[in-house]
Trainee: 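Have a look at this one.
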Amino acid sequence: MLAKLDVSAVCEKVEIAGAGFLNFRLRAAVLAETLAAAARGEHLFFEQAAPPRTVVIDFSSPNVAKPMHVGHIRSTGIGDALQRTLRLLGHRVISDNHIGDWGTQFGKLLLGWKQILDRPALERDAIGELERLYKVINAECDANPAQLEEAKSELVKLQAGDAENIAIWKEMICLSQIQFDTIYSRLGVKFDQALGESFYNPWLGEVVNDLLQRGIARESEGAVGVFSDGSLPPKEDPFLVNRDGEWVADPALVRKSDGGFNYTTTDLATIDYRLKTWSPDEIVYVVDDRQSGHFKKLFATFARWKADDAKKVKLVHVGFGKIMGDDGKPFKTRSGDTVKLGDLLDEAEERAFKIVSEKNAELPEAQRREIARVIGLGAVKYADILPNRQSDYIFSWDKMLALQGNTAPYLQYAYARIKSIFRKAELPAGHQPPAAVNLQAPEELALARHLLNFGLTLEAVADELRPNYLCNYLFELAGKFTSFYENCPVLKAEDAATRQSRLALCDLTARVLCQGLNTLGIQVVEQM
RNA sequence: GCGCCCGUAGCUCAGUUGGAUAGAGCAUCUGCCUUCUAAGCAGGUUGUCGCGCGUUCGAUUCGCGCCGGGCGCACCA
């Protein structure tokens, strides 16, 4: 292999190193020229994908009439990082927020609205009031069958298009939309589409009829479900479950015995719509791992329903684990309630503000507020993306804001230090990047080599749908930069050429840090 | 019961698809601020990669079997 290999243009002599290893040494001149080209703005160490793919990403998916809570940050944060990564690499992305705006909960909500709505409370805090309606009526339904019947009949009226119920339902959606807009604008998350469950209503009946006609679904106990077709061994068959040693049917229900539809039905109609509308190569669902069984059934059902279409698209469930409190149980407030996303972000900003004020009391308050906003939000997002997504992680304010170790503030700090160098450098307007980058010190070389890996890392994130790879890359980059920073004076470098070269290295590092963090949905600050 | 996920340093976690001496942060110990932000850096200490068998030149990574934890298993989504 060595005899046939010709990489002399980019590498020094290639050496055999033990059993099955070849050692390649990148030519210093190639490294320097790659950096010089980047300094001239010709690239930033990554390339556009060829050919680009079309990818639908389904994430966040909050419910109408409920507060967005801590359970939504993983789907929202991971999904947003993925859409940003794919876009950066030149793929065509359609991000779609599949909002829970339809379903059985509206029976209870409508009943609550009619029986116990507190208008002034609704105007003060719409989501709080809607939440209260649901909780009260839900409790009453558990205790009182007559009330449950009432709720069901409100739902039937809604589904039948009753004008009054439709109007109330629309108002609830409007009120919820205000909340969603507020949260997403704080998070800086944008969607191309927000086609909620209700959007697919017109097709649900057809979906079920078609499945019945093709013999994929059948009736059972008054409901309609998709059952095993026996094509797989029982262990691998998503439509079978073992109970006490017997393999029994575990169907995907598509119509309830009362005639209502299930979420599998909506999801089937959704896949069909997305294929017809955007012809994607891939549809990615960023949803809690606990729903993996649902997605297995959904994908298997779709493959049986539309075999030709199914061959053209890759359906992927990007699952993730739970967020735990430091007691190892699901993360809750001290009083045992779910943590609301808005409150979580408020607290992150407050904690960051305290720290910024301690470290940098001399900055004006407005600037400290803005720094705290970026740092606090970044800390929460980063802590959420950093762990391998399928494992649960323990939520810790101290850890994410500790600002040492693998955290967003550490990365933002590295960026701020670079910007500080440029403020002190007092470069003339229209400063040109150096003609040559000259790398000598081991810290310079290590930093330069690591910059080259940015593109490979982005591609790994896109291929495996794991944004945590980018977190680890950036953490290493910041680490290599600070080593360089400690050991290699920039402004007081021994000669002008070294100074120019090191300035270029600093600038490229800042650009990659900024681009990388932005790709994770995190901003940077010039000073902190 | 069956399926899925997890088990890596005292703690919290990485480990880019089977590669070389398994890495970070916290904790702990030792140095470094009249010099570009010390929210930092340099270095020391810390491991039966849950256990066993197998496949392989080579296994934390793949297969099988155990042990321990979490989650899911028909009309909620």
Side-chain angles (χ1 to χ4, degrees), chain A residues 17-21 23 61 63 98 100 102-105 197 220-225 234-238 240-258 260-264 266-267 287-294 296 319 321-322 324 326 328 355-356 358-360 375 386-388 390-394 396 398-399 401-407 409-410 412-414 416-425 453 456-457 459-461 463-464 466 468-469 471-473 475-476 478-479 482-493 502 506 527-528:
Chain A
F21 293 94
N23 283 346
S61 314
N63 288 314
H98 195 68
W102 195 253
T104 42
Q105 74 272 25
E197 292 169 353
S220 169
E221 298 172 30
V224 176
K235 274 181 84 160
E236 291 160 37
D237 193 325
L240 292 178
V241 66
N242 191 302
R243 288 231 171 74
D244 301 319
E246 296 257 343
W247 289 102
V248 297
D250 183 31
L253 295 186
V254 291
R255 195 169 72 200
K256 300 189 280 185
S257 52
D258 68 4
F261 301 106
N262 304 72
Y263 77 144
T264 299
T266 313
D267 282 354
V287 180
D288 191 324
D289 251 340
R290 283 175 288 194
Q291 295 203 34
S292 64
H294 163 67
K296 277 182 190 154
K322 299 183 296 296
M324 315 296 265
D326 46 20
I355 298 168
V356 175
E358 273 169 33
K359 303 281 182 191
N360 261 319
I375 303 285
L386 175 65
N388 183 332
Q390 73 234 36
S391 48
D392 297 341
Y393 79 91
I394 293 180
S396 160
D398 290 340
K399 205 154 278 183
L401 284 163
L403 319 190
Q404 69 245 137
N406 197 349
T407 63
Y410 175 79
Q412 290 163 322
Y413 180 57
R417 287 171 117 183
I418 297 174
K419 287 294 147 174
S420 177
I421 293 174
F422 280 93
R423 272 195 304 278
K424 298 222 159 136
N453 288 334
L456 283 176
T457 305
E459 284 164 22
V461 171
D463 290 347
E464 299 183 38
R466 291 185 184 276
N468 62 311
Y469 291 166
C471 297
N472 288 323
Y473 169 82
F475 177 58
E476 282 175 30
T482 41
S483 288
F484 159 81
Y485 180 87
E486 297 285 335
N487 290 291
C488 304
V490 177
L491 298 179
K492 294 181 179 167
R502 286 182 179 166
C506 285
Q527 248 180 300
M528 64 184 274

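Order of the sequence lines fixes the chain letters, A, B, ..., with proteins taken first and strands second; residue numbering starts at 1 for each chain.
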Trainee: Please report, rounded to the nearest Å, how far the C1' atom of B/rC13 is from the CE atom of A/M324.
Mentor: 15 Å

Trainee: In whole Å, measure the gap between the P atoms of B/rC2 and B/rG65 for me.
Mentor: 11 Å

Trainee: Write down the distance separating the C1' atoms in B/rG19 and B/rC62, rounded off to the nearest Å.
Mentor: 14 Å

Trainee: May I ask you to check whether A/Q390 and A/R466 show a side-chain donor-acceptor distance below 3.5 Å?
Mentor: yes

Trainee: Any chance you could lay out the side chain to side chain contact (heavy atoms under 4.5 Å, CB included) test for A/V287 and A/H294, step after step, and finish with the verdict?
Mentor: CA-CA 11 Å; A/V287 180; A/H294 163 67; over 6 Å; no

Trainee: If you look at every strand shown and take non-hydrogen atoms under 4.0 Å, does A/E464 touch a base, only sugar-phosphate, or nothing?
Mentor: base

Trainee: Rounding to an integer number of Å, can you tell me how far A/D398 CG sits from B/rA27 C1'?
Mentor: 14 Å

Trainee: Would you please confirm or rule out a distance under 4.0 Å between OP1 or OP2 of B/rA74 and any side-chain N or O of A/R243?
Mentor: yes

Trainee: What nucleotide, of B/rU37, B/rG1, B/rG19, holds the atom closest to the side chain of A/Y485?
Mentor: B/rU37

Trainee: Establish, with yes or no, whether the OP1 or OP2 oxygen of B/rG3 is under 4.0 angstrom from a side-chain nitrogen or oxygen of A/K296.
Mentor: no

Trainee: Ignoring backbone atoms, establish whether A/S292 has a side-chain N or O less than 4.0 Å from OP1 or OP2 of B/rC71.
Mentor: no

Trainee: What is the distance, to the nearest angstrom, from the CG atom on A/N406 to the C1' atom on B/rG15?
Mentor: 13 Å

Trainee: Name the nucleic acid region contacted by A/T104, choosing base, sugar-phosphate or nothing; use a 4.0 angstrom heavy-atom cut-off, strictly under.
Mentor: sugar-phosphate

Trainee: What nucleotide, of B/rC71, B/rA24, B/rA74, holds the atom closest to the side chain of A/R290?
Mentor: B/rC71

Trainee: Ignoring the backbone of A/K424, work out which of B/rU12, B/rA74, B/rC36 is nearest its side chain.
Mentor: B/rC36

Trainee: Report the residue (A/F484 or A/A249) whose heavy-atom-nearest nucleotide on RNA chain B is the more 5′ of the two.
Mentor: A/F484

Trainee: If only side-chain N and O atoms of A/K235 are considered, is one of them under 4.0 Å from the OP1 or OP2 phosphate oxygen of B/rG3?
Mentor: yes

Trainee: Confirm from the modelled atom types if A/E197 and B/rA77 form a donor-acceptor pair under 3.5 Å, side chain to base only.
Mentor: no

Trainee: Classify A/N487 by what it touches in the nucleic acid, base, sugar-phosphate, or nothing, heavy-atom distance under 4.0 Å.
Mentor: nothing

Trainee: Output the single nucleotide from B/rG40, B/rA20, B/rA39 whose closest atom is nearest the side chain of A/T482.
Mentor: B/rG40

Trainee: What nucleotide, of B/rC13, B/rC75, B/rA39, holds the atom closest to the side chain of A/K256?
Mentor: B/rC75

Trainee: Would you say the base of B/rA20 and the side-chain of A/N23 have a donor-acceptor pair closer than 3.5 Å?
Mentor: yes

Trainee: In whole angstrom, give me the gap between the C1' atoms of B/rA14 and B/rG25.
Mentor: 10 Å

Trainee: Of the options B/rG40, B/rA74, B/rA39, whose atoms approach the side-chain atoms of A/Y410 most closely?
Mentor: B/rG40

Trainee: Do the side chain of A/N487 and the main chain of A/S483 share a donor and acceptor less than 3.5 angstrom apart?
Mentor: yes

Trainee: Please tell me which of the listed nucleotides, B/rG40, B/rG70, B/rA39, lies nearest to the side chain of A/K322?
Mentor: B/rG70

Trainee: First locate atom CG of A/L491, then atom CD1 of A/I421, and finally report the distance between them rounded to the nearest 0.5 Å.
Mentor: 6.0 Å

Trainee: With a cut-off of less than 4.0 Å, is there a side-chain N or O of A/R417 near OP1 or OP2 of B/rA38?
Mentor: yes

Trainee: Answer yes or no: does a side-chain N or O of A/K419 lie under 4.0 Å from OP1 or OP2 of B/rU37?
Mentor: no

Trainee: Take atom C1' in B/rG70 and the same atom in B/rC53, then report the distance between them in whole Å.
Mentor: 27 Å

Trainee: Quick one: is B/rC41 close enough that its OP1 or OP2 comes under 4.0 Å of any side-chain N or O from A/S483?
Mentor: no

Trainee: OP1 or OP2 of B/rG15 versus the side-chain N and O atoms of A/N388: is any pair under 4.0 Å?
Mentor: yes

Trainee: Is the base of B/rC33 syn or anti, where syn means the angle lies within 90° of 0?
Mentor: syn

Trainee: Roughly how many Å is it from CG in A/D289 to P in B/rG72, rounded to a whole number?
Mentor: 12 Å

Trainee: Between A/Q390 and B/rC6, is there a contact of a side-chain N or O with OP1 or OP2 at under 4.0 Å?
Mentor: yes

Trainee: Nearest to the A/Y413 side chain among B/rA39, B/rC71, B/rG1, which nucleotide is it?
Mentor: B/rA39

Trainee: When the P atoms of B/rU35 and B/rC11 are considered, how many whole Å apart are they?
Mentor: 41 Å

Trainee: Using a heavy-atom cut-off of under 4.0 Å over every strand shown, decide if A/A252 touches base, sugar-phosphate, or nothing.
Mentor: nothing

Trainee: Can you find a donor-acceptor N/O pair under 3.5 angstrom joining the side chain of A/T266 to the base of B/rA77?
Mentor: no

Trainee: Just N and O in the side chain of A/S391: are any of them under 4.0 Å from OP1 or OP2 of B/rA14?
Mentor: yes

Trainee: Does A/V254 reach the side chain of A/T264, with side-chain heavy atoms less than 4.5 Å apart?
Mentor: yes

Trainee: Counting only side-chain nitrogens and oxygens, does A/N468 get under 4.0 Å of the OP1 or OP2 atom of B/rG15?
Mentor: yes

Trainee: Roughly, in whole Å, what's the span from OH in A/Y393 to P in B/rC71?
Mentor: 18 Å

Trainee: Ignoring hydrogens and angles, state whether a donor on the side chain of A/E464 or A/Y469 is under 3.5 Å from an acceptor on the partner side chain.
Mentor: yes

Trainee: Treating A/S396 as the side-chain partner and A/K399 as the backbone partner, does any N or O pair qualify as donor plus acceptor under 3.5 Å?
Mentor: yes

Trainee: Identify the stems formed by RNA chain B, where each pair is Watson-Crick or G-U wobble with both distances under 3.5 angstrom and a stem is at least 3 consecutive pairs.
Mentor: B:1-7 with B:67-73, B:10-13 with B:23-26, B:28-32 with B:40-44, B:50-54 with B:62-66

Trainee: Report the distance from atom OH of A/Y263 to atom P of B/rG72, rounded to the nearest whole Å.
Mentor: 12 Å

Trainee: In whole angstrom, give me the gap between the C1' atoms of B/rG18 and B/rG63.
Mentor: 13 Å

Trainee: Check every atom of B/rC41, B/rA77, B/rA74 against the side chain of A/N262 and return the nucleotide holding the closest atom.
Mentor: B/rA77

Trainee: Which is true for A/Q527 with a 4.0 Å heavy-atom rule: it touches a base, it touches only sugar-phosphate, or it touches nothing?
Mentor: base

Trainee: Taking the P atom in each of B/rG54 and B/rG72, what is the distance between them to the nearest angstrom?
Mentor: 38 Å

Trainee: Looking at CG of A/N472 and CG of A/L386, how far apart are the two atoms once the value is rounded to the nearest 0.5 Å?
Mentor: 6.0 Å

Trainee: Does any N or O in the side chain of A/D392 come within less than 3.5 Å of the main-chain N or O of A/K322, such that one atom is a donor and the other an acceptor?
Mentor: yes

Trainee: Can you tell me how far C1' in B/rC32 sits from the matching atom in B/rA38, rounded to whole Å?
Mentor: 9 Å

Trainee: Taking all atoms of both residues into account, what is the closest heavy-atom pair of A/N23 and A/A17, and its distance?
Mentor: ND2-CB, 3.3 Å

Trainee: Ignoring the backbone of A/P387, work out which of B/rA74, B/rA14, B/rC36 is nearest its side chain.
Mentor: B/rA14

Trainee: Send over the distance from A/I394 CD1 to B/rG69 C1', rounded to a whole Å.
Mentor: 13 Å

Trainee: Would you call B/rU17 syn or anti, using the 90° rule around 0?
Mentor: syn

Trainee: Test your reading of the model: is there a side-chain donor-acceptor pair from A/N262 to the backbone of A/R255, 3.5 Å cut-off?
Mentor: yes

Trainee: Would you kindly give the OH-to-C1' distance between A/Y473 and B/rG23, to the nearest whole Å?
Mentor: 18 Å

